[in-house]
Amino acid sequence: MRQKNVSFECMRIVAFLMVVFNHVFHYLFYGLDLSYEWNVTAVLMVIVKPAVPLFMMMSGALLLRREYSSKELRNKIISVVVTLLLFSLVYFYFDPELKGTDQTFILLFLNGRVSNALWYMYVYLGFLLFLPFIKKMVDSFNEKDYRSFFLVLFLLSMFFPYLLRFLGADISETDFFKFVFSPYLLYFVFGHYFINVKKETLDLLKNRSYLLPLIYVGSVVLSALMIITSRYNMMDFELWNNKADSFQYGVMSVALFIMLARMRVSSRLIEKGSLFLGSKIYFAYLISDFVIHNLYVPLLQKFNSLSNVLVRFTVISICIAVVCLVFSLIANALVDGCKQLIKSIKDKEQIA
């Protein structure tokens, strides 16, 4: 269990860094002309795409491993809604990206459009609202049911939409597969299946340790080639970017999830650091877009002396990640302090 916790905390750190690099290098991806630097950026944009699927699979592994009482689930939902509301207010009133918007806060909040960094919170809230039903469903599954479930969802939420897109169909407005068969549910249940149901798979994969890296690298190469060749052929290269429902991104994300879940940390120092830092990632992820929007231009000017644009944006990404982590540490300390204060007040009331 301890090694599993270390693996998950490391996974959180990796996913968070992927989010930051994805959103920072986004400016290069859409701002550079065709060049060697753009090609490298396109590859990097592919590498960091599993960020949110990793969060989804971790959520499934953690939420579906046990039953929650109505009170526990209600408290989780309230916590997510309050956190989402607070960070949405911060983005709405202080994010330069939203200055001058003619839409009201309520409209943006209910529509999930306050910030790109918060959209996963809406998905996570959906997981919590449907958790009792999903839990009953997977508890009734046998091995054959799991395989059928994964196959049907994979074909209908990832493969067929991808195939239609590849054939030139415009499914952006009427994406039947996306709305009826969500790839998010596939990631959510797979995380539970691999970690809590098929635990012995970890041992079986030891004899084929080359397989997962091969699948992961192959998926990265395929995705990058599709984006790069599309742009060089004057096609809509954006069509192949940021598509978490495309099958190659799904395969890539699952392979990376399994590799990170199998990871074993031998250094006691790294283990302690991962357990500490990973548990503080939550607020860092939520504030990441806000920090990027406010610090991107100043950092770009500060590091303008770095001649290599890839090095410059890597340094900017690291600086932004550090700022987000510092904020998260402070926010976690404040939350823990408030909890302790409330607990002490309740204890005093009980004594009185």
In terms of the angle between their ring planes, are [X] and [Y] parallel, tilted or perpendicular, with boundaries placed at 30° and 60°?
X	Y	result
Tyr27	Tyr296	parallel
Tyr193	Phe190	tilted
Tyr93	Phe105	parallel

Taking the six-membered ring for Trp and the single ring otherwise, decide whether the centroids of [X] and [Y] are under 6.0 Å apart.
X	Y	result
Phe290	Phe94	no
Tyr30	His26	yes
Phe87	Trp119	no

Under 3.5 Å: donor-acceptor pair, side chain of [X], backbone of [Y]:
X	Y	answer
Arg12	Ile281	no
Tyr91	Glu97	no
Trp38	Phe29	yes
Ser274	Lys272	no
Tyr285	Ala117	yes
Gln301	Pro298	no
Asn111	Arg113	no
Ser344	Leu341	yes
Asp145	Asn142	yes

Q: Indicate whether the side chain of Ser328 and that of Asn332 have a donor and an acceptor atom separated by less than 3.5 Å.
A: yes
- prompt: Do Tyr120 and Ser59 have a side chain donor and acceptor closer than 3.5 Å?
  reply: yes
Worksheet item: Is the shortest distance from a Lys or Arg side-chain nitrogen in Lys280 or Glu9 to a carboxylate oxygen in the other one below 4.0 Å?
Response: no
Check Glu143 with Arg147, please: is the shortest side-chain N to carboxylate O separation under 4.0 Å?
yes
Checking Leu306, Leu300, Asn308 against Phe313 for side chain to side chain contact (heavy atoms under 4.5 Å, CB included), the one that qualifies is Leu300
Of Ile292, Ile287, Leu17, the one forming a side chain to side chain contact (heavy atoms under 4.5 Å, CB included) with Cys324 is Ile287
Nearest heavy-atom contact between Tyr68 and Leu131 is CD1-CD2, 3.8 Å
Scanning both residues in full, the closest heavy-atom pair of Ala61 with Arg65 reads O-CB, 3.5 Å
